[in-house]
Chemist: 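Attaching a single structure in structure tokens format; questions to follow.
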Amino acid sequence: MKRIIICLAALLLLFNMDALSQGVIAELQAGTGTYSMRDLKGLNRYIKNRLPFDTKIVADFPPFLNYSAILKFRIKNAYLGIIQSYQTTGSRISGRDYSGEYAFDITLNAYSPGIYSEFKINTVKKTELSFYSALGVMFTGMKMYERYVVLEEKFLDDRYNFRSKNLFLEPGLRVLYPAGCLNFAFNAGYLVQFGNGSFSSAENKNNLLGNPLTGDVVRPGWNGFRAGISVGWYFAKKTEQ
């Protein structure tokens, strides 16, 4: 983590005062995304099938809100800066037998610092079309909670915490409309997760999470489409369009 912070700080130092005078922009973004989660969906199927009573998967890592904060510097027709993103999703298996109620929940959260770039493709009147990309590291935390309750008495009440670290790349297109010192934008892209960072126990990093059916280690799968809307503020004099 320290190396990432040092690299991002070094990137900012590369921007000279001429770049700063062209525009410093802070931006907040809210959006949604799809998440493949192939390994975790396979683990859910294994758990569901091993239970001796009927259950169903009522949530299987659906799209959910994600948030990003971007600090970027304008250099002619490009922006360079840093980004911090947060996204979350989860799943639930639930069921009942004649005597009790069962539930197995997974909650995932990912914090993703990275380097952000944006290049203007075209301008129609005041509306800008740009290509953007974000490259960085995904720190994923996962909580598992399994419980079985019979007549309000807990026969099973297990909690597990896991972590993983992977890289990501998100390219996409962005439409921006400036209004005074504010920018309003819509972006759509696709996030690609890469790296071999499997889930390990938060208590012991050598204890890896595996799928007993396949024998394979389990990794997060944040791959999927992303879309969002954002608002940005200029903190320096804006250059002429």
Chemist: Is there a donor-acceptor pair under 3.5 Å between the side chain of S230 and the backbone N or O of E27?
Modeler: no

Chemist: Is there a side-chain contact between F73 and L80 (heavy atoms, below 4.5 Å)?
Modeler: no

Chemist: Would you mind reporting whether I82 and I70 have side-chain heavy atoms less than 4.5 Å apart?
Modeler: no

Chemist: To the nearest 0.5 Å, tell me how far I115 CD1 sits from L169 CG.
Modeler: 11.5 Å

Chemist: Quick one, E146 with R50, criterion salt bridge (Lys or Arg N to Asp or Glu O under 4.0 Å). Give me CA distance, side-chain angles, the key distance, then yes/no.
Modeler: CA-CA 14 Å; E146 188 176 26; R50 74 175 174 83; 3.0 Å; yes

Chemist: Check whether any side-chain heavy atom of P220 lies under 4.5 Å from a side-chain heavy atom of F199, and answer yes or no.
Modeler: yes

Chemist: Supply the members, apart from Y190, of the Ile/Leu/Val/Met/Phe/Trp/Tyr cluster built from side-chain contacts under 4.5 Å; use none for a lone residue.
Modeler: V192, F225

Chemist: Which residue is it: R174, R74, K120? I am looking for the one with a side-chain hydrogen bond (donor to acceptor under 3.5 Å, both in side chains) to Y79.
Modeler: R74

Chemist: Decide, yes or no, whether a salt bridge links R92 with D105 under the criterion of side-chain N to carboxylate O below 4.0 Å.
Modeler: yes

Chemist: Rounded to the nearest 0.5 Å, what separation is found between the OG1 atom of T89 and the CG atom of L65?
Modeler: 11.0 Å

Chemist: How far apart are the closest heavy atoms of N66 and T32, and which atoms are they?
Modeler: ND2-C, 3.3 Å

Chemist: What's the shortest heavy-atom distance between G210 and P212, and which atoms?
Modeler: O-CD, 3.4 Å

Chemist: Going only through I, L, V, M, F, W and Y residues with side-chain contacts under 4.5 Å, is there a path from I25 to F119?
Modeler: no

Chemist: Given I57 and K48, is the side-chain contact (heavy atoms from CB on, under 4.5 Å) satisfied, shown in steps?
Modeler: CA-CA 8 Å; I57 301 176; K48 179 181 182 299; 3.9 Å; yes

Chemist: Roughly how far, to the nearest 0.5 Å, is CG of D54 from OH of Y102?
Modeler: 13.5 Å

Chemist: Over all heavy atoms of both residues, which pair between N211 and L43 is shortest? Give the atoms and the distance, please.
Modeler: ND2-N, 3.8 Å

Chemist: Consider only side-chain heavy atoms of I, L, V, M, F, W and Y, link residues closer than 4.5 Å, and tell whether V58 and F64 are in one cluster.
Modeler: no

Chemist: Does the side chain of F61 reach to within under 4.5 Å of the side chain of N44, using non-hydrogen atoms?
Modeler: yes

Chemist: Taking the side chain as everything from C-beta on, heavy atoms only, tell me whether L208 gets closer than 4.5 Å to N206.
Modeler: no

Chemist: Just how far is it from atom OH of Y67 to atom CD of Q84, taken to the nearest 0.5 Å?
Modeler: 14.5 Å

Chemist: Answer yes or no: does atom CD1 of I229 have more than 12 heavy-atom neighbours from other residues, nucleotides or ligands under 6.0 Å?
Modeler: no

Chemist: Working to the nearest 0.5 Å, report the span between OG1 of T55 and CD of E101.
Modeler: 12.0 Å

Chemist: Flag the pair N196 / N166 as yes when at least one side-chain heavy-atom distance between them is below 4.5 Å, and no otherwise.
Modeler: no

Chemist: Identify the heavy atoms of V150 and Y148 that sit nearest to each other, and give their distance.
Modeler: CG2-CE2, 3.6 Å

Chemist: Any side-chain donor paired with an acceptor under 3.5 Å for S112 and S85?
Modeler: no

Chemist: Decide side-chain contact (heavy atoms from CB on, under 4.5 Å) for Y145 and D157; before the verdict, give the C-alpha distance in whole Å, the side-chain angles of both, and the deciding distance to 0.1 Å.
Modeler: CA-CA 7 Å; Y145 180 30; D157 187 24; 2.8 Å; yes

Chemist: List the atom of L28, the atom of A69, and the distance in Å for their closest heavy-atom pair.
Modeler: CD2-CB, 4.0 Å

Chemist: Give a yes or no on whether Y116 and L173 share a hydrophobic cluster (residues Ile, Leu, Val, Met, Phe, Trp, Tyr; joining criterion: side-chain heavy atoms under 4.5 Å apart).
Modeler: no

Chemist: More than 12 foreign heavy atoms under 6.0 Å from CZ of F53: is that the case here?
Modeler: yes

Chemist: How about Y111 and Y86: are their ring centres within less than 6.0 Å of each other?
Modeler: yes

Chemist: For F168 and F194, work out which heavy atoms get closest and say how close.
Modeler: C-CE2, 3.7 Å

Chemist: Check whether any side-chain heavy atom of V175 lies under 4.5 Å from a side-chain heavy atom of E128, and answer yes or no.
Modeler: no

Chemist: Starting from the C-alpha separation in whole Å, work towards a yes-or-no answer on side-chain contact (heavy atoms from CB on, under 4.5 Å) for N223 and L191.
Modeler: CA-CA 5 Å; N223 309 60; L191 187 142; 5.5 Å; no

Chemist: Going hydrophobic residue to hydrophobic residue with side-chain gaps under 4.5 angstrom, can you get from L176 over to I121?
Modeler: no

Chemist: Output side-chain donor-acceptor pairs under 3.5 Å for residues 129-144, partner residues at least two apart or in another chain, one line each.
Modeler:
from: Y132; atom 1: OH; to: E170; atom 2: OE2; distance (Å): 2.7
from: Y132; atom 1: OH; to: N187; atom 2: ND2; distance (Å): 3.4
from: S133; atom 1: OG; to: S117; atom 2: OG; distance (Å): 2.8
from: T140; atom 1: OG1; to: W222; atom 2: NE1; distance (Å): 3.0

Chemist: If you group Ile, Leu, Val, Met, Phe, Trp and Tyr by side-chain heavy-atom gaps below 4.5 Å, do I47 and Y160 land in one group?
Modeler: yes

Chemist: Spell out, as yes or no, whether a donor-acceptor pair under 3.5 Å connects the side chain of S36 to the backbone of G221.
Modeler: yes

Chemist: Pairing donors with acceptors under 3.5 angstrom, does anything connect the side chains of S91 and D60?
Modeler: no

Chemist: Side chains of R219 and Q193: do they bring a donor and an acceptor to under 3.5 Å?
Modeler: no

Chemist: Inspect the surroundings of CZ in R163 and state if more than 12 heavy atoms from other residues, nucleotides or ligands are less than 6.0 Å away.
Modeler: no

Chemist: Hey, could you give me the CG/CG distance between D216 and L209, rounded to the nearest 0.5 Å?
Modeler: 11.5 Å

Chemist: Is it the case that the side chain of R226 and the backbone of T34 share a donor-acceptor pair, with hydrogens and angles ignored and the cut-off at 3.5 Å?
Modeler: yes

Chemist: State whether the side chain of T88 and the backbone N or O of L108 hold a donor-acceptor pair below 3.5 Å, judged by distance alone.
Modeler: yes

